[in-house]
2 protein chains.
Amino acid sequence: MTIPRAAKTQRRTRIQEAKEEQILEAALDVFSVSGFRGSTIDQIAEVAGMSKPNLLYYFRTKEAMHRALIDRVLFTWLEPLRAFDAEGNPESEIRSYIRRKLEMARDFPRESRLFANEMLQGAPHVEDELKGPLKQLVDEKAEVIRSWTKAGKIAKCDPYHLIFSIWSTTQHYADFDVQVRAVLGQEHAGAGRFEDAARFLEQLFIDGLKVKPVPDAS
Amino acid sequence: MTIPRAAKTQRRTRIQEAKEEQILEAALDVFSVSGFRGSTIDQIAEVAGMSKPNLLYYFRTKEAMHRALIDRVLFTWLEPLRAFDAEGNPESEIRSYIRRKLEMARDFPRESRLFANEMLQGAPHVEDELKGPLKQLVDEKAEVIRSWTKAGKIAKCDPYHLIFSIWSTTQHYADFDVQVRAVLGQEHAGAGRFEDAARFLEQLFIDGLKVKPVPDAS
DNA sequence: CGATAATTTGACCGATTGGTAAACATTACA
DNA sequence: TGTAATGTTTACCAATCGGTCAAATTATCG
């Protein structure tokens, strides 16, 4: 019988694990550029170096591949935010959060683009995750930030929009990489652009969030 | 003869102008969500309320539609940056630039997403525009900002990354709208979110760029 | 070894893709 | 009004799409 598709078996053989990894790696290449609708199984199969029916032996549908990919990416993608520590020093926490996010944009640009593609299309496959686990995590960290402002450790500001702005500025270097390179030109588009970005963003956020001397009407 | 396609005629009839407008409007709907590869002429035709061959009478290929759309969007999209005035007061210039960009994200989210989709795919259709006109415009404005820092009007910072960060933070509210809504929840995801964002971003950039008292070693 | 299960592939299917041909309908204008 | 140009539609095409199937191949293990 050939009925028991890979997914059904209890124990995953080494070969299964390896092939699924190989497929998801190729799928990430393709989905991150063309989005779900714009990607084809044939493309993924070619990148993976396998036949199309062979892909479909491990993942029954195109959606299944995409779903598996999204699930995996979503988890690791939120790790920097999870590491955000309430006990830590606000300035250094924000600083290292920016650093971490920027490192991810540099080291895992495909993952960032996969996620961006999904958002642009209205998150048809992950809306529940956004409204559930993601919102919950952000709510939690927003509360931490709010406590910092209340304690006078950082300037008063909307914690949600602070998080959004860190997300957007850092992911920009992955999602809009072509634009960044084009605008910076050959001279400044080298590997150093991430260091420059880090310096700028740290300055912006740290100084922008410093507690300001109240011009109190006395 | 039916050979002279619409594009070939010198004078554009009223009906041509209207239909082309109607098509591009529909194309914007579709392309902005699914990207170039993920969109189909049939989808656009249905949204436009016209038959597929009728679309192809006005635009010979799917690429021609996309190209026409991109050209139009790219121009209006850069208007806020063009309005950036070297003579003006730095603080109010930056403030109004952020406002304008945020208003565009609110009023023209499809245009923002169309552009974002193109970037994610590596800008296969507009790389020349990025390296040419766009880079030139940004270079020019970056020089303005640099002059401000040299004059001590704003804190010393990398003008390119400053522009990038304004782009990314503002466009985020168009491109990642689903995520923003999901995280903010029903209570705070209303129309007011743009006002909240404006307040936060203005504070961040204005305070973050204030000239800091030098802790000079005296 | 033998046999059973797991893996891989070529051939194929119906649906959809971008695009065409030509007949038909409408408009502009002398 | 007539007629030529413009605009629209039906029918269609080859290529590609997501996915199936049965046969062939390979790994596993007693």
Side-chain angles (χ1 to χ4, degrees), chain A residues 1-27 29-31 33-69 121 124-125, chain B residues 1-27 29-31 33-69 121 124-125:
Chain A
M1 285 280 199
T2 175
I3 297 175
R5 296 239 176 190
K8 280 200 177 178
T9 58
Q10 297 299 344
R11 278 196 207 164
R12 321 181 69 211
T13 64
R14 263 153 259 103
I15 183 164
Q16 266 174 33
E17 210 146 336
K19 290 282 174 166
E20 286 178 10
E21 179 58 41
Q22 187 180 342
I23 292 169
L24 289 182
E25 171 70 18
D29 259 13
V30 177
F31 280 135
V33 169
S34 302
F36 182 75
R37 288 222 44 185
S39 304
T40 72
I41 303 182
D42 296 80
Q43 282 180 317
I44 300 173
E46 198 189 329
V47 173
M50 309 166 60
S51 68
K52 176 164 67 171
N54 203 2
L55 291 210
L56 291 163
Y57 173 76
Y58 291 101
F59 297 93
R60 275 204 279 269
T61 64
K62 186 171 123 177
E63 274 216 35
M65 288 180 220
H66 191 254
R67 154 68 52 178
L69 205 49
Q121 285 161 32
H125 305 95
Chain B
M1 284 284 200
T2 175
I3 298 175
R5 297 242 175 187
K8 281 201 178 177
T9 60
Q10 297 299 345
R11 280 195 206 164
R12 320 181 69 211
T13 64
R14 263 154 257 104
I15 184 165
Q16 266 177 34
E17 210 146 335
K19 290 280 176 167
E20 285 178 11
E21 179 58 40
Q22 187 180 342
I23 292 169
L24 290 182
E25 172 70 20
D29 260 12
V30 177
F31 280 134
V33 169
S34 302
F36 181 75
R37 286 222 47 185
S39 304
T40 72
I41 303 182
D42 297 80
Q43 282 180 318
I44 301 172
E46 197 190 327
V47 174
M50 308 166 58
S51 68
K52 176 165 65 171
N54 204 1
L55 290 211
L56 291 163
Y57 174 75
Y58 291 100
F59 297 93
R60 277 205 277 270
T61 63
K62 185 171 127 178
E63 273 216 37
M65 287 179 221
H66 191 254
R67 153 69 52 177
L69 204 50
Q121 285 161 31
H125 305 95

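Please read all numbers here as calculations on a predicted model, not as lab measurements.
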Proximity to the side chain of [X] - top-ranked nucleotide from [options]:
{"X": "B:Thr61", "options": "C:dT9, C:dG19, C:dT7", "result": "C:dG19"}
{"X": "A:Ser51", "options": "C:dG18, C:dT8, C:dT20", "result": "C:dT8"}
{"X": "B:Pro53", "options": "C:dT8, D:dG7, C:dT20", "result": "C:dT20"}

Say you draw a straight line from [atom1] of [X] to [atom2] of [Y]; how long is it, rounded to the nearest 0.5 Å?
{"X": "A:Thr40", "Y": "A:Lys52", "atom1": "OG1", "atom2": "NZ", "value": "8.0 Å"}
{"X": "A:Ile41", "Y": "A:Ser51", "atom1": "CD1", "atom2": "OG", "value": "11.5 Å"}
{"X": "B:Lys19", "Y": "B:Phe59", "atom1": "NZ", "atom2": "CZ", "value": "12.5 Å"}
{"X": "A:Glu21", "Y": "A:Tyr58", "atom1": "CD", "atom2": "OH", "value": "13.0 Å"}

Within the 4.5 Å heavy-atom criterion, are B:Thr61 and B:Arg67 side-chain neighbours or not?
no
For a 4.5 angstrom cut-off between non-hydrogen side-chain atoms, does A:Arg37 reach B:Val33?
no
[N] phosphate, OP1 or OP2, under 4.0 Å from [X] side-chain N/O:
{"X": "A:Gln16", "N": "C:dT7", "value": "yes"}
{"X": "B:Tyr57", "N": "D:dG7", "value": "yes"}
{"X": "B:Tyr58", "N": "D:dT6", "value": "no"}

Protein and nucleotides 25-29 of chain D: nitrogen or oxygen contacts under 3.5 angstrom:
none

Taking all non-hydrogen atoms of both residues into account, name the closest pair between [X] and [Y] and its distance.
{"X": "A:Asn54", "Y": "A:Met50", "value": "ND2-CE, 3.5 Å"}
{"X": "A:Ala26", "Y": "A:Ile44", "value": "CB-O, 3.6 Å"}
{"X": "B:Leu69", "Y": "B:Leu24", "value": "CD1-O, 3.5 Å"}

Whole-Å distance between [N] [atom2] and [X] [atom1]?
{"X": "B:Arg60", "N": "D:dG7", "atom1": "CZ", "atom2": "C1'", "result": "16 Å"}
{"X": "A:Gln22", "N": "C:dT8", "atom1": "CD", "atom2": "C1'", "result": "13 Å"}
{"X": "B:Lys19", "N": "C:dT26", "atom1": "NZ", "atom2": "C1'", "result": "12 Å"}
{"X": "B:His66", "N": "C:dG19", "atom1": "NE2", "atom2": "P", "result": "13 Å"}
{"X": "A:Leu55", "N": "C:dT8", "atom1": "CG", "atom2": "P", "result": "10 Å"}
{"X": "B:Leu56", "N": "D:dT6", "atom1": "CG", "atom2": "P", "result": "19 Å"}
{"X": "A:Lys62", "N": "D:dG19", "atom1": "NZ", "atom2": "P", "result": "8 Å"}

Between A:Phe36 and B:Asn54, which residue's closest nucleotide on DNA chain D lies nearer the 5′ terminus?
B:Asn54
Step by step, work out the side-chain contact (heavy atoms from CB on, under 4.5 Å) result for B:Phe36 and B:Glu63.
CA-CA 8 Å; B:Phe36 181 75; B:Glu63 273 216 37; 3.4 Å; yes
Among residues 37-49 of chain A, which residues get a heavy atom nearer than 4.0 Å to DNA chain D?
A:Ser39, A:Thr40, A:Ile41, A:Asp42
For the side chain of B:Lys62 and the backbone of B:Ser39, is there at least one donor-acceptor N/O pair under 3.5 Å apart?
yes
B:Lys52 near the nucleic acid: base, sugar-phosphate alone, or nothing, with a heavy-atom cut-off under 4.0 Å?
base
If an axis is fit to five pairs at each end of the helix from C:dC1-D:dG30 to C:dA30-D:dT1, what is the angle between the two, to the nearest 10°?
10°
Please work out whether the ring planes of B:Phe31 and B:His66 are parallel, tilted or perpendicular, with thresholds of 30° and 60°.
perpendicular
